[in-house]
Amino acid sequence: MKKTATTGFSRRIFLGAAVTAAGFALSGCGGGNPPAAGGPVELNFVYWGDSNRAKMTDAAIRIFEEKNPGITVKSEYQDSGPYADKLATRFAGGNPPDVLAMANRSLLEYAQRGTLADLKTLPELNLDKVPDTVLSRGEVDGKLYGLATGVTTIGMVVNKAITDQAGVAIPDDKTWSWDDYAKFATEVTQKTGGKVYGAGYDVSTETGPILLARQRGEDFYTEDNKLGVSEDTIREWFQYSVDLRNAGGYPPAGFFEQIGGSAAQSYLAKGTVASQIIPINNFKAYNEAAGGNVVLLRMPGETTEKRRGYSADPTMLWSIAAKSKHPKEAAKLLDFLTNDSDGAAETLTQRGVPINPDVAESITAKLSPGDTAFVNMMAAIQEDELPPAYVYPKGASVVADTLKQLATEVEFGRVTPADAAKTFIEKSNAAINK
């Protein structure tokens, strides 16, 4: 059946998204389901995140258990780094969780090993309301191995209290270029006497060069699961940070320490940098951590480069283990996480804008101003047609690690941006084509 676009709030978020209008009611509107057949079932549910995410998730799980007598959920969470290692160990040991959060860069690898269930084969999971553009981010060879927990993108956040005190105007984010951002960051450093650096974003995270590549007319990862970014683009990504550091707009080598990944631990919250790049679903947390003085901006270059760099990206993906002993109950949990308005009222936008447009619309009245800003930006960037984005290829984890390692080498001047770019392309292609 051909799907049609939604209206109102949902239409703004999922412009051009396809949904079916009949024969489906949100589980949040109905009563409890009958007990699980065959006696009580315990599901193991694992994901990465902090204590705040866990608190919200636990509240939603309690609602799921009330609506599904006979199914209990044992959940586990931890930071993203240790989580990836623990997940790999559990799958290797033949003891995978039933329902799990999967990173975009890991999905294809797990799927091709046959460790994940095809979600399209589980009738307990209703996908009618999920836009095709979102489903495609978890599809491999026509099978659905991952379902977005929500969608987000990256953006620039600026501590306006710092820029106001320094007397530096924030550029128009609908028209600014990467040169404009560099000038802005350098001016902040100069006018604060070097006490605050204008820019403090993470060069080693691949979301930045992915967006830059798209702006330059390239696909960082291609439709046939290859590396599509050019050596020139990677060189320019590294060179930009070097030039910005030399101009004074970016902190010196060694400035950043391992302080944790939360907004409260960030240098933006500390007031030692004025701007950084974040997943915009974290805007509320950064704004609160910085005293409510943060503004959310689009990334530079969106109107000055060859094409748009933005895409609506899964914050993470839900998957079900192929060896789960309780696939039906696992699918019920995944259906709840996707389609239940009561559960979404507890988690809100913690994992991005809900992918079911009806659910997204149902939580709007409950959103804080910070979350509303994120949702509105997510809607606004999709008002124009965006280039397609594809499932990350096998070996994407190695690509991410390679970028991180080379970013450190460039930071300390041990490798030039040109040599780093050459090494990045060689090692990334080797990992992907292995």
Side-chain angles (χ1 to χ4, degrees), residues 1-33 57 60 63-64 67-68 99 101-102 117-139 142-153 281 311-320 328-367 371 374-376 378-379 382-383 386 388-389 391:
M1 176 183 294
K2 181 176 175 59
K3 301 179 180 180
T4 57
T6 56
T7 59
F9 174 91
S10 306
R11 184 176 185 178
R12 291 194 303 115
I13 295 180
F14 299 107
L15 203 65
V19 298
T20 53
F24 179 69
L26 289 178
S27 58
C29 301
N33 295 322
T57 303
I63 295 174
F64 170 78
K67 294 187 176 189
N68 294 271
V99 180
M102 178 66 64
D118 178 3
L119 303 180
K120 291 180 180 179
T121 67
L122 301 171
E124 295 80 10
L125 172 59
N126 195 316
L127 300 171
D128 288 352
K129 291 286 180 104
V130 182
D132 291 335
T133 52
V134 175
L135 287 177
S136 67
R137 299 300 294 273
E139 290 179 337
K143 297 181 179 181
L144 185 68
Y145 293 110
L147 185 61
T149 66
V151 291
T152 188
T153 189
N281 57 299
S311 59
D313 301 318
T315 51
M316 60 185 81
L317 299 150
W318 293 131
S319 295
I320 294 176
K328 292 183 179 181
E329 291 79 8
K332 286 184 178 181
L333 176 58
L334 190 45
D335 183 80
F336 172 86
L337 294 169
T338 303
N339 297 317
D340 192 284
S341 57
D342 293 336
E346 298 296 336
T347 55
L348 298 175
T349 58
Q350 247 290 322
R351 293 183 173 91
V353 178
I355 62 173
N356 180 326
D358 289 352
V359 173
E361 188 162 4
S362 75
I363 66 172
T364 54
K366 302 177 180 68
L367 297 179
D371 282 334
F374 145 56
V375 169
N376 286 344
M378 198 70 232
Q382 295 178 88
E383 290 177 359
L386 301 177
V391 173

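A quick note: this is a predicted structure, and the numbers were derived from the prediction, not measured.
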(message) With a 4.5 Å cut-off on side-chain heavy atoms, are Leu125 and Leu147 touching?
(response) yes
(request) Heavy atoms only: give me the nearest Gly138-Val391 pair and the separation to one decimal. (result) N-CG2, 4.3 Å
(message) Quick one, Met378 and Thr153 - any side-chain contact, counting heavy atoms below 4.5 Å?
(response) yes
(request) Kindly compute the distance separating CG (Asp118) from OH (Tyr145), expressed to the nearest 0.5 Å. (result) 5.5 Å
(request) Answer yes or no: is there a side-chain heavy-atom contact under 4.5 Å between Leu119 and Ile320? (result) yes
(request) Give, for atom CG of Leu334 and atom CG of Leu122, the distance between the pair rounded to the nearest 0.5 Å. (result) 8.5 Å
(request) Applying side chain to side chain donor-acceptor pair (under 3.5 Å) between Asn339 and each of Asn126, Asp128, Asp358, Asn356, report the one that passes. (result) Asn356
(message) Nearest 0.5 angstrom please: Glu124 CD to Thr121 OG1, how far?
(response) 9.0 Å
(message) Nearest 0.5 Å, please: how far is CG in Asp340 from CG in Asp335?
(response) 8.5 Å
(request) Could you pull out all residues at least two apart from Ala344 that satisfy side chain to side chain contact (heavy atoms under 4.5 Å, CB included)? (result) Val359, Ile363
(message) Looking only at side-chain N and O atoms, does Thr349 offer a donor or acceptor that is under 3.5 Å from a partner on Asp371?
(response) yes
(message) I'd like to check the side chain to side chain contact (heavy atoms under 4.5 Å, CB included) partners of Glu139; sequence neighbours left out, ordered by chain and number.
(response) Lys120, Leu135, Ser136, Leu144
(request) Report the distance from atom OG1 of Thr364 to atom CG of Leu348, rounding to the nearest 0.5 Å. (result) 10.5 Å
(message) Using every non-hydrogen atom in the two residues, find where Pro314 and Ala148 come nearest and quote the distance to one decimal.
(response) CB-CB, 3.7 Å
(request) Report yes if some heavy atom in the side chain of Gln350 is under 4.5 Å from a heavy atom in the side chain of Thr57; otherwise report no. (result) no
(request) Say whether Thr152 and Thr315, considering side chains only, have a donor N or O and an acceptor N or O under 3.5 Å apart. (result) no
(message) Using side-chain heavy atoms (C-beta onward) and a distance below 4.5 Å, is Lys67 in contact with Asp342?
(response) yes
(request) Can you see which heavy atom on Leu317 is nearest to which on Gly146, and at what distance? (result) CD2-C, 4.0 Å
(request) Nearest 0.5 Å please: distance from the CG atom of Leu333 over to the CH2 atom of Trp318. (result) 8.0 Å
(message) Restricting to non-hydrogen atoms, name the atom on Ala360 and the atom on Val353 that form the minimum distance, rounded to 0.1 Å.
(response) CB-CG1, 4.2 Å
(request) Kindly give the heavy-atom pair with the smallest separation between Ser311 and Arg137, and that separation in Å. (result) OG-NH1, 4.3 Å
